[in-house]
Amino acid sequence: MTRFLPVRHTAGWLTIVATSAFHAFAGTSGAQTAGEPLSSGYRTHARLVATIDSIQRAHPQLVSARVIATSPGGRSVHVVRVGPGGDAANARPAVLVVANAYGPHLVSSETAVRMIGNMAAGYGADADTKALLDRTTFYVVPRANPDAAEAFFSAPLYERPGNQTPYDADRDGKVDEDGPNDLNGDGLITLMRVEDPAGAWMADSLNPLLLRRADATRGQRGKYRMYTEGRDVDGDGEFNEDGPGGTDINSNFPNFYKYFGETSGNWPLSAPEAWGIAELFQTHQNIAMAYVLGPQDNLNTPWTGRRVPGIGGSPQGTSAGGPFTATLPDDDPWFAEGSRVFKRTTGWQRGPSTGAGEGDVLSWIYYHMGRLAFGSRTWWTPDLPADSSRRGGNAAGAGTDPLATERQSLRWLEANRPNALVQWTRVEHPDFPGQVVEVGGIAPYATLNPPASELDSLGAKHTRFVAELAGMLPRLELRVASVEAVGARTWRITAHVANTGFFPTLSAMGARARWAQRIRVDLKTSAGQEVASGRTMQLLNPLRGSGTSTELTWVVVGAAGSTVTLSAASPVVGEASETITLRAR
């Protein structure tokens with residue numbers, strides 16, 4: 001354990017219809033009151049399924065849902081399609097939203113289901129929403145890890161990232177035999193500190209609820225050993241090392257996958273929930289971009305590319321140099337603009353930094369599937385004005401405060417969610433006879449998920465952002481520059497294929513990964529016509545946005561007044577076509 005209070009690091013033109021239109025079928029909750037469980041106002045799996053069904057029945061021409069996986073615990077994982085025209089929506093460029101792959105992060109699930117409801121309610125009431133959904137389809141996976149999410153509604157309460165796959169974490173031939181224990185009977189699993197002069201931890205000088213590692217170079221002495229609350233049930237000298245829960249879906253994807261990790265699964269995509277998401281890309285080639293609600297973030301601090309030598313100094317992204325470990329610099333402008341739009345549409349100008357993922361869905365979508373992928377933590381404890389009465393916090397003097405993030409979160413909890421704070425309380429512990437053992441700390445989930453009273457506002461903010469993001473997708477436009485007679489029954493056609501959207505038709509990583517398809521251009525002739533020069537079918541290199549175009553020419557032999565058809569298409573960009581009459585223009 002590294003530190004106490006482990007805070008997870010890891011909008012514009014669209015008019016959102018009044019949220020009361022969504023409340024009719026989604027439900028809402030007021031402010032959390034003292035004594036209410038932290039899960040108050042959040043949806044169990046059964047309620048989530050019922051909400052999806054209600055939205056689908058209320059908007060049958062716009063919303064449809066299907067099951068893409070069944071968890072080891074028997075719970076369905078849904079993808080909800082939002083877009084008119086039935087299956088014709090699958091032919092339009094699409095944005096994929098994935099939420100709650102990290103099981104304890106239920107705020108992302110609640111936000112995703114509100115996105116669905118907001119867009120569905122807005123289609124018939126707002127011209128901008130209708131225009132967006134008429135040209136762009138949304139696929140939303142509101143709860144990718146339902147087994148782990150359901151732990152939020154169980155007692156005792158502790159953050160469980162894994163699904164219900166049995167797993168022998170301590171390799172003793174038994175599974176799930178040593179989980180946490182509620183020693184003080186408060187229904188929460190927090191931390192346990194044991195007085196020991198050989199311990200590495202000491203109480204924080206400003207707030208004793210926090211613990212810090214003692215720094216011997218500053219004359220600090222440890223006083224405690226620290227564990228999660230529980231007993232050594234199996235008598236192997238370790239505490240809570242083999243509790244319920246198997247695979248963390250947000251650690252089970254191939255990119256940066258951690259082999260033999262405690263919660264990463266037996267192999268990449270071994271979890272049916274992760275496999276179901278991977279299959280979406282196989283069966284829906286029209287997915288152009290993704291928005292992931294989870295622990296990883298590249299919107300507060302956008303990804304920036306760098307050239308990193310691969311294995312043996314060979315270039316990354318090759319068989320000799322191995323896979324990419326950093327984003328490509330050519331994609332920097334797109335991540336930077338996504339960050340600017342996020343901050344403008346949500347009003348958030350700063351947020352916590354995020355660490356690199358290991359097998360997470362966000363980086364997998366970018367590095368392996370080649371799509372631009374944007375990720376947000378959805379919510380975090382807000383910054384409060386600096387407390388001028390408290391400075392420092394290092395027992396031995398000035399310096400960078402290693403608990404700055406935790407301290408900020410604790411101050412917000414004290415002011416807004418005091419029932420999430422568990423003061424240190426002594427308990428009798430049979431594994432530590434004669435020693436002082438205390439239980440306390442921060443309630444699980446408290447720094448990951450806000451009170452339910454904030455969920456509607458979060459849903460509206462993220463809906464605005466994802467809508468504006470989708471409005472920046474690439475768009476094809478064909479421009480016939482000229483049709484010139486160059487001989488008897490012979491015509492030179494010059495045309496431009498342009499991208500009038502902001503984002504490129506393919507990310508730099510997509511061009512390297514070769515998963516997303518390039519633009520295909522076809523020139524179709526009719527009877528009595530022949531193409532004398534130029535290719536009737538060709539694939540274009542990626543087009544940057546804002547009107548960037550490629551010029552193409554053909555020489556066609558045919559009667560004056562006859563027509564040819566020029567078309568350009570890609571599943572992730574859409575289609576444009578033009579009928580060209582063979583006459584000088």
Side-chain angles (χ1 to χ4, degrees), residues 92-98 136-139 253-256 277-278 280-282 284-292 296-299 301-308 310 315-318 321 323-342 356-357 360-376 465-466 468-476 497-520 539-550 568-574:
R92 293 192 283 269
V95 174
L96 172 66
V97 178
V98 179
T136 309
T137 297
F138 288 84
Y139 301 115
F253 288 87
N255 196 65
F256 305 142
I277 293 172
L280 283 176
F281 284 89
Q282 296 288 346
H284 295 80
Q285 295 289 319
N286 59 323
I287 295 174
M289 184 180 295
Y291 184 40
V292 178
Q296 282 71 40
D297 169 88
N298 63 0
L299 290 168
T301 304
W303 284 343
T304 54
R306 51 197 173 90
R307 303 292 182 185
V308 180
Q316 289 193 347
T318 64
F324 286 105
T325 59
T327 61
L328 296 180
D330 286 346
D331 286 329
D332 284 0
W334 324 125
F335 291 120
E337 183 62 19
S339 175
R340 284 192 289 270
V341 172
F342 178 78
D360 65 288
V361 63
L362 175 66
S363 60
W364 170 77
I365 291 173
Y366 173 72
Y367 284 96
H368 282 222
M369 295 295 101
R371 272 68 162 189
L372 289 175
F374 299 89
S376 170
F465 168 66
V466 77
E468 184 149 344
L469 196 69
M472 299 161 65
L473 286 175
R475 296 189 204 178
L476 288 181
V497 181
N499 173 15
T500 60
F502 176 78
F503 288 119
T505 58
L506 199 58
S507 69
M509 186 62 73
R512 297 297 301 269
R514 299 182 181 179
W515 274 106
Q517 298 181 24
R518 292 190 289 170
I519 298 170
R520 171 174 169 160
L539 297 177
L540 301 185
N541 290 325
L543 294 174
R544 296 170 75 90
S546 304
T548 303
S549 64
T550 293
S570 167
V572 297
V573 179

Nearest non-hydrogen partners of [X] and [Y], listed with the distance:
{"X": "Ala568", "Y": "Ile519", "answer": "CB-CG2, 4.0 Å"}
{"X": "Thr136", "Y": "Ala470", "answer": "CG2-CB, 4.2 Å"}
{"X": "Ser376", "Y": "Phe342", "answer": "OG-CZ, 3.6 Å"}
{"X": "Gln316", "Y": "Ala326", "answer": "OE1-N, 4.1 Å"}
{"X": "Phe374", "Y": "Leu469", "answer": "CD1-CD2, 3.7 Å"}
{"X": "Val341", "Y": "Glu468", "answer": "CG1-CG, 3.8 Å"}

inquiry  = For a 4.5 angstrom cut-off between non-hydrogen side-chain atoms, does Tyr367 reach Thr325?
reply    = no
Residue pair Val572 / Arg371, side-chain heavy-atom distance below 4.5 Å = yes
Interatomic spacing from [atom1] in [X] to [atom2] in [Y] - rounded to 0.5 Å:
{"X": "Asp360", "Y": "Gln296", "atom1": "CG", "atom2": "CD", "answer": "4.0 Å"}
{"X": "Arg306", "Y": "Thr327", "atom1": "CZ", "atom2": "OG1", "answer": "8.0 Å"}
{"X": "Ser507", "Y": "Tyr366", "atom1": "OG", "atom2": "OH", "answer": "5.5 Å"}

key: Phe281 and His368: CA distance, side-chain angles, deciding distance, side-chain contact (heavy atoms from CB on, under 4.5 Å) verdict   = CA-CA 11 Å; Phe281 284 89; His368 282 222; over 6 Å; no
So, using side-chain contact (heavy atoms from CB on, under 4.5 Å) as the criterion, who are the partners of [X] when residues are at least two apart?
{"X": "Ser546", "value": "Phe502"}
{"X": "Asn499", "value": "Pro474, Thr505, Leu543"}
{"X": "Thr301", "value": "none"}
{"X": "Ala94", "value": "Thr137, Tyr139, Asn286"}

task = Dump the intermediate steps for side-chain contact (heavy atoms from CB on, under 4.5 Å) on Asn255 and Phe324, then the final yes or no.
result = CA-CA 9 Å; Asn255 196 65; Phe324 286 105; over 6 Å; no
message = My understanding is that only residues two or more places apart in sequence, or in another chain, count here; which of them pass side-chain hydrogen bond (donor to acceptor under 3.5 Å, both in side chains) with Arg518?
response = Asn541
ask   = Does Thr500 have any side-chain hydrogen bond (donor to acceptor under 3.5 Å, both in side chains) partners at least two apart in sequence or in another chain, and if so, which?
value = none
ask   = Looking only at atom types and distance, does a side-chain atom of Thr550 sit under 3.5 Å from a main-chain N or O of Val497, one as donor and one as acceptor?
value = no
ask   = Is there a side-chain contact (heavy atoms from CB on, under 4.5 Å) between Leu299 and Tyr291 once you walk through the steps?
value = CA-CA 10 Å; Leu299 290 168; Tyr291 184 40; 3.7 Å; yes
task = Hey, could you give me each pair passing salt bridge (Lys or Arg N to Asp or Glu O under 4.0 Å) that has a residue in residues 323-338? Not counting sequence neighbours.
result = Glu337-Arg340
task = Take Leu328 and Arg307 through the side-chain contact (heavy atoms from CB on, under 4.5 Å) test and state the conclusion after the steps.
result = CA-CA 7 Å; Leu328 296 180; Arg307 303 292 182 185; 3.7 Å; yes
request  = Please work out which of the three classes, parallel, tilted or perpendicular, describes the rings of Phe335 and Trp303, given edges at 30° and 60°.
outcome  = perpendicular
note = For Phe138, the ring pair (Phe, Tyr, Trp, His ring centres under 6.0 Å) test, sequence neighbours excluded, returns none
